[in-house]
2 protein chains.
Amino acid sequence: MPQKAEDRRIQRTRKGLQDALLELILEKGFDAITVQDVIDRANVGRSTFYAHFQDKEDLLLSGFEHLRTEFERFFMEQTVTDESPWALSLSMFQHAEGHRDLYKALAGKQGGNVALMHIQKYLYVYLLEHLKEQLPKKKKNISPEILTHFIASSFISLLTWWLNNESSYSAAQMNDYFRQLVEPGVNLIMQPE
Amino acid sequence: MPQKAEDRRIQRTRKGLQDALLELILEKGFDAITVQDVIDRANVGRSTFYAHFQDKEDLLLSGFEHLRTEFERFFMEQTVTDESPWALSLSMFQHAEGHRDLYKALAGKQGGNVALMHIQKYLYVYLLEHLKEQLPKKKKNISPEILTHFIASSFISLLTWWLNNESSYSAAQMNDYFRQLVEPGVNLIMQPE
DNA sequence: AACGTAATCGAACATTATGTTCTGAAACGT
DNA sequence: ACGTTTCAGAACATAATGTTCGATTACGTT
């Protein structure tokens, strides 16, 4: 039996609002958008908007959740054995390559930094989990938290640069650059001698 | 002859508004602040505020300009020969250490990212200037722009982490971590063989 | 110490966006 | 075809923005 079918009106309204918001982000940037803009574009009544979302940030995050789910499926499908940060980063560059406008809206300079901080947090949690086991036990070393924060924010930094500069680099190239820049420093810390 | 003396009322008003804004940022974050909050705290008339600043962002940037000037004096005074990125970063960590609240307001998570983007841009311009000469001429390599962007954003990332986590690391320690993480990758690119 | 100037105050005002409430109409799933 | 849920649209209260203006106060200068 299929899960409780959801009213089509609800689906249409939510999708319409999400799409309208993403369009508007690419046009004028998240901060400049008003709820009025969104409901005009989506052709939705004012009271309807507030029946579904608290505010425009809530709407943005609902779109982000959808993307996250989709990325996780994408990631699961292709990764087999490699659990290093570089597998995750490559997948994310590739996923962004395939959904360029969506990623630009959420992670580009137009997107405000709300979604961006969520993406970084997501990476941070994933990486911290996978790095903690591998870290040497020696004291006097960098805390896992700084190390993880550094890797995650470096990735975000390259991703946004890539999205904002319409550069012609491929996802694979971007991941190579990411590794070239970040891996040497990280390896020196993980394997002290 | 001293430069044309500026009306004390102007100085007091501007300083009062800047201080009020910085206090409020530490209390509730830049985004949640209204112009009304600022003029109430500073005890300044509404029309007076708009006689000096366009909006709260304009006010924030005026405070940032002041900080930048002060940092440049600080930097000039102590640096002698070293023109590598690591001299600049050490000075900035030290300057932040000496003006912790001010830096927290401008570069912490409460500060919105307006000032932060200005700081990063400032670093970017400085670094690009100093790195371009040293880059190897080989093709097939990372563009100076990505490399510079990476260094600048890595620094910003560690700085904000440091400010937001009330950590007990010293400025010198933070700069060591910064070098440990960033320098190996950068050196490999700058000296290919 | 007194003068002319310039900054400030505070109130009034138009404008814009927010978020809530309500009623009738339309679309939905069954 | 039926009962239920969602939607549109309008009305409303609230709050912040940015401008204008006349009266008052503090300023630098002489």
Side-chain angles (χ1 to χ4, degrees), chain A residues 1-63 66 110-115, chain B residues 1-63 66 110-115:
Chain A
M1 49 184 152
Q3 54 209 14
K4 191 197 291 180
E6 200 178 27
D7 200 314
R8 284 178 198 159
R9 291 169 293 182
I10 297 181
Q11 297 176 37
R12 265 193 278 110
T13 299
R14 297 178 71 95
K15 183 70 159 53
L17 287 170
Q18 287 167 346
D19 290 349
L21 179 65
L22 293 175
E23 279 179 34
L24 287 164
I25 288 177
L26 293 175
E27 289 172 21
K28 56 193 292 196
F30 182 73
D31 292 340
I33 297 171
T34 68
V35 173
Q36 195 64 51
D37 292 331
V38 180
I39 64 182
D40 286 350
R41 176 69 61 100
N43 228 351
V44 154
R46 176 163 204 74
S47 54
T48 306
F49 177 94
Y50 287 105
H52 289 276
F53 303 101
Q54 288 199 339
D55 47 36
K56 66 172 177 164
E57 189 170 311
D58 191 26
L59 172 58
L60 181 73
L61 290 181
S62 80
H66 181 258
Q110 298 276 64
N113 57 357
V114 187
Chain B
M1 51 187 152
Q3 54 210 12
K4 194 198 289 180
E6 201 178 26
D7 200 314
R8 284 178 199 160
R9 289 170 292 184
I10 297 180
Q11 297 177 36
R12 261 192 281 111
T13 299
R14 296 179 74 95
K15 182 71 159 48
L17 287 169
Q18 286 167 346
D19 289 348
L21 179 64
L22 292 175
E23 279 178 34
L24 286 164
I25 289 176
L26 293 175
E27 288 171 21
K28 57 195 292 196
F30 182 73
D31 292 340
I33 296 171
T34 68
V35 172
Q36 195 65 50
D37 292 331
V38 180
I39 63 183
D40 286 349
R41 176 69 61 100
N43 227 353
V44 154
R46 179 164 202 73
S47 54
T48 305
F49 177 95
Y50 287 105
H52 289 277
F53 304 102
Q54 289 200 340
D55 47 36
K56 64 172 179 166
E57 190 169 311
D58 191 25
L59 172 58
L60 181 74
L61 291 181
S62 79
H66 181 258
Q110 299 275 63
N113 57 356
V114 187

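A, B, ... follow the sequence lines: proteins, then strands. Residue 1 opens every chain. Owing to the predicted nature of the structure, the values given are computational and were not obtained by experimental measurement.
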Open item on the list: Base of D/dG9, side chain of A/S47 - is there a donor-acceptor contact under 3.5 Å?
Closed with: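 In this structure, the two groups form a donor-acceptor pair.
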Task: Base D/dG9 paired with A/R46 side chain (donor-acceptor, <3.5 Å) - done: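 Checked by distance alone, the answer is no.
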Open item on the list: If you assign each of B/R12 and B/I33 to its closest nucleotide in DNA chain D, which residue comes earlier from the 5' end?
Closed with: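 So the residue in question is B/I33.
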Whole Å only: how far is the [atom1] atom of [X] from the [atom2] atom of [N]?
X: A/L24; N: C/dA17; atom1: CG; atom2: P; result: 13 Å
X: B/D37; N: D/dA15; atom1: CG; atom2: P; result: 13 Å
X: B/E6; N: D/dG28; atom1: CD; atom2: P; result: 10 Å
X: B/E57; N: D/dA16; atom1: CD; atom2: P; result: 19 Å
X: A/F49; N: C/dT21; atom1: CZ; atom2: C1'; result: 17 Å
X: A/Q54; N: C/dG19; atom1: CD; atom2: P; result: 9 Å
X: A/Q36; N: C/dT15; atom1: CD; atom2: P; result: 17 Å
X: A/L59; N: C/dG19; atom1: CG; atom2: C1'; result: 16 Å

Open item on the list: Please determine whether a side-chain nitrogen or oxygen atom of B/Y50 lies at a distance below 4.0 Å from atom OP1 or OP2 of D/dT19.
Closed with: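 No, no such contact exists.
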Open item on the list: Between B/K28 and B/D37 (salt bridge meaning N to carboxylate O under 4.0 Å), is one present in this structure?
Closed with: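 Looking at B/K28 and B/D37, the cut-off is met.
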Open item on the list: With a 4.0 Å cut-off on N to O distance, would you call B/R41 and B/E27 a salt bridge?
Closed with: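 Yes, charged N to carboxylate O under 4.0 Å.
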Open item on the list: I want to check something: taking the side chain as every heavy atom from C-beta on, are A/H52 and A/D58 in contact at a cut-off of under 4.5 Å?
Closed with: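 No - every pair of side-chain heavy atoms lies 4.5 Å or more apart.
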TODO: For A/N43, answer base if it contacts any base atom (sugar-phosphate contacts may also be present), sugar-phosphate if it contacts only those atoms, and nothing otherwise; contact means non-hydrogen atoms under 4.0 Å.
DONE: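 A/N43: backbone/sugar contact only, no base atoms under 4.0 Å.
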Task: Sugar-phosphate, base or nothing in reach of B/R14, heavy atoms under 4.0 Å - done: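 Since no nucleic acid heavy atom lies under 4.0 Å of B/R14, the category is nothing.
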Open item on the list: Could you measure the distance from the CZ atom of A/R8 to the OG1 atom of A/T13? Nearest 0.5 Å is fine.
Closed with: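 Reported to 0.5 Å precision, the distance equals 13.5 Å.
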Task: Gap separating the CG atom of B/L24 from the CD atom of B/Q110, nearest 0.5 angstrom - done: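 If we round to the nearest 0.5 Å, B/L24:CG and B/Q110:CD are 11.0 Å apart.
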TODO: Could you check B/I25 against B/I33 for side chain to side chain contact (heavy atoms under 4.5 Å, CB included), going step by step and ending with a plain yes or no?
DONE: CA-CA 7 Å; B/I25 289 176; B/I33 296 171; 3.8 Å; yes
TODO: Check the pair B/F49, B/L59 against side chain to side chain contact (heavy atoms under 4.5 Å, CB included), reporting the backbone distance first and the verdict last.
DONE: CA-CA 9 Å; B/F49 177 95; B/L59 172 58; 3.9 Å; yes
- [ ] Could you encode protein contacts along nucleotides 1-7 of chain C as a string, one character per nucleotide from 5' to 3', using B for base contact, S for sugar-phosphate-only contact and - for no contact, with a heavy-atom cut-off of under 4.0 Å?
- [x] -----BB
